Amino acid sequence: MSQIDIRQVTAGDHAAWLPLWQAYLRFYKTELPEAVTQSTWQRMLDPNEPTHAALARVDGKAVGMVHFIYHRSNWAIENSCYLQDLLVVPETRGTGVGRQLIEFVYATAKADGCNKVHWLTHETNATAIQLYERIAERPGFIQFRKAI
């Protein structure tokens, strides 16, 4: 496989990012209003927002994406980093793209002064869990939520 190039998104990356975002939403069997997608994209480009995104490319083709958000914590002075969304296209899974996207987030968050990176995945996402258990700690917390 060719070298994997990962960098934060710029305004010119919308056409490469959008199909990955749509595939991610399909994977989780969800739909969002177009206004949410547009707002998400604009937030990722705004340097005053804590939301970030990066694309992984192989031979110039976008094959993966990651979104991450910096936030305060009452348990530390430094910000934490929530890795919210991660997708690698099926044909490149198992080649290191996912690991490199996560490591990109680790390095970026550390450089920006965060003290940890954390994320969630669905309990049925066995392939991703295999990777996550090799590169991160599984603390055992259970998520609860209620839409309001």
Side-chain angles (χ1 to χ4, degrees), residues 4 6-57 61-94 96-148:
I4 301 164
I6 300 175
R7 62 176 174 77
Q8 293 214 32
V9 297
T10 65
D13 291 323
H14 187 265
W17 168 82
L18 185 59
L20 296 171
W21 175 237
Q22 292 167 334
Y24 181 81
L25 296 174
R26 280 191 306 276
F27 178 83
Y28 281 107
K29 297 175 177 67
T30 192
E31 294 181 20
L32 294 175
E34 179 61 24
V36 173
T37 293
Q38 289 175 8
S39 176
T40 296
W41 178 251
Q42 290 306 312
R43 287 176 180 167
M44 292 185 296
L45 297 176
D46 186 341
N48 296 313
E49 287 282 345
T51 303
H52 307 275
L55 292 176
R57 286 188 167 81
K61 180 179 184 247
V63 297
M65 62 151 215
V66 65
H67 301 157
F68 51 106
I69 303 169
Y70 297 159
H71 64 91
R72 300 274 187 219
S73 170
N74 292 333
W75 291 29
I77 295 170
E78 304 85 4
N79 278 340
S80 294
C81 176
Y82 177 55
L83 191 161
Q84 186 168 31
D85 310 308
L86 175 71
L87 176 89
V88 175
V89 296
E91 55 271 19
T92 59
R93 290 186 186 144
V97 174
R99 175 187 288 270
Q100 288 189 35
L101 281 164
I102 293 169
E103 290 173 348
F104 176 88
V105 173
Y106 287 168
T108 304
K110 183 176 181 177
D112 289 342
C114 293
N115 71 336
K116 75 173 180 180
V117 175
H118 62 105
W119 64 92
L120 305 169
T121 196
H122 195 272
E123 62 188 14
T124 61
N125 196 357
T127 302
I129 291 170
Q130 287 179 352
L131 168 62
Y132 301 160
E133 288 180 331
R134 289 193 304 268
I135 63 172
E137 170 189 337
R138 188 173 182 175
F141 287 92
I142 299 171
Q143 180 190 26
F144 293 87
R145 68 179 176 199
K146 178 173 176 47
I148 53 173

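Basis for what follows: all heavy atoms, side chains included, without hydrogens, waters or symmetry-related copies. Computed from a prediction, not measured in an experiment: that's the story for all the values here.
- When all heavy atoms of G98 and L131 are compared, the pair lying nearest together is C-CD2, 4.0 Å.
- Pairing each heavy atom of E49 with each of R43, the nearest pair is CB-O, 3.4 Å.
- Proximity of the aromatic rings of H52 and Y70 is defined here by a centroid distance below 6.0 angstrom, and this criterion is met.
- Note that the CZ atom of R26 and the NZ atom of K29 stand 12.0 Å from one another [nearest 0.5 Å].
- Between T40 and T51 the shortest side-chain heavy-atom distance does not fall below 4.5 Å.
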Given side-chain contact (heavy atoms from CB on, under 4.5 Å), test D85 with V66 step by step and report yes or no. CA-CA 5 Å; D85 310 308; V66 65; over 6 Å; no

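- Annotation: the span from H67 atom NE2 to I69 atom CD1 amounts to 9.5 Å, rounded to 0.5 Å.
- No side-chain heavy atom of L25 sits under 4.5 Å from any side-chain heavy atom of E31.
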Verdict with supporting geometry, E78 and C114, side-chain contact (heavy atoms from CB on, under 4.5 Å): CA-CA 5 Å; E78 304 85 4; C114 293; 5.8 Å; no

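- Side-chain polar atoms of H14 and W21 form no donor-acceptor pair below 3.5 angstrom.
- The shortest non-hydrogen separation linking A136 to Y106 is CB-OH, 3.7 Å.
- Centroid-to-centroid, the aromatic rings of W119 and Y132 come within less than 6.0 Å.
- Side-chain contact between W41 and D46: absent, with no pair of heavy atoms (C-beta onward) separated by less than 4.5 Å.
- Taken to the nearest 0.5 Å, the CD atom of Q84 stands 12.0 Å off from the CG atom of L86.
- Counting only heavy atoms from C-beta outward, the side chains of L55 and L101 never approach each other to under 4.5 Å.
- For K116 against S80, the heavy-atom pair with the smallest separation is CE-OG, 3.5 Å.
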Decide yes or no on side-chain contact (heavy atoms from CB on, under 4.5 Å) for R93 and V63, but give the supporting numbers first. CA-CA 9 Å; R93 290 186 186 144; V63 297; over 6 Å; no

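- The side-chain heavy atoms of P33 and V36, taken from C-beta on, include a pair separated by under 4.5 Å.
- Applying the 6.0 Å contact sphere to CD of E34 captures more than 12 heavy atoms from other residues, nucleotides or ligands.
- Contact between Y28 and T121 at its shortest, heavy atoms only, is OH-OG1, 3.4 Å.
- T108 contributes no side-chain N or O that, together with a main-chain N or O of V105, makes up a donor-acceptor pair within less than 3.5 Å.
- For R7, the CZ atom counts as densely surrounded, since its 6.0 Å shell holds more than 12 non-hydrogen atoms of other residues, nucleotides or ligands.
- For the side-chain contact (heavy atoms from CB on, under 4.5 Å) with D13, the lone residue among M65, M44, Q8, R57 that qualifies is R57.
- Classification of K61 and E91 as a salt-bridged pair holds, one side-chain N sitting under 4.0 Å from a carboxylate O.
- Proximity of Y82 to F68: side-chain heavy atoms (C-beta onward) are nowhere separated by under 4.5 Å.
- For the pair N115/N79, no side-chain contact is recorded, criterion being any heavy-atom separation below 4.5 Å from C-beta on.
- Within the model, atoms CD of Q22 and OG1 of T37 stand 7.0 Å from one another, a figure rounded to the nearest 0.5 Å.
- Shown here for I4 and Q100, the closest heavy-atom pair between the two residues is CD1-NE2, 3.5 Å.
- Looking at heavy atoms from C-beta onward, R134 lies in side-chain contact with R99 at the 4.5 angstrom threshold.
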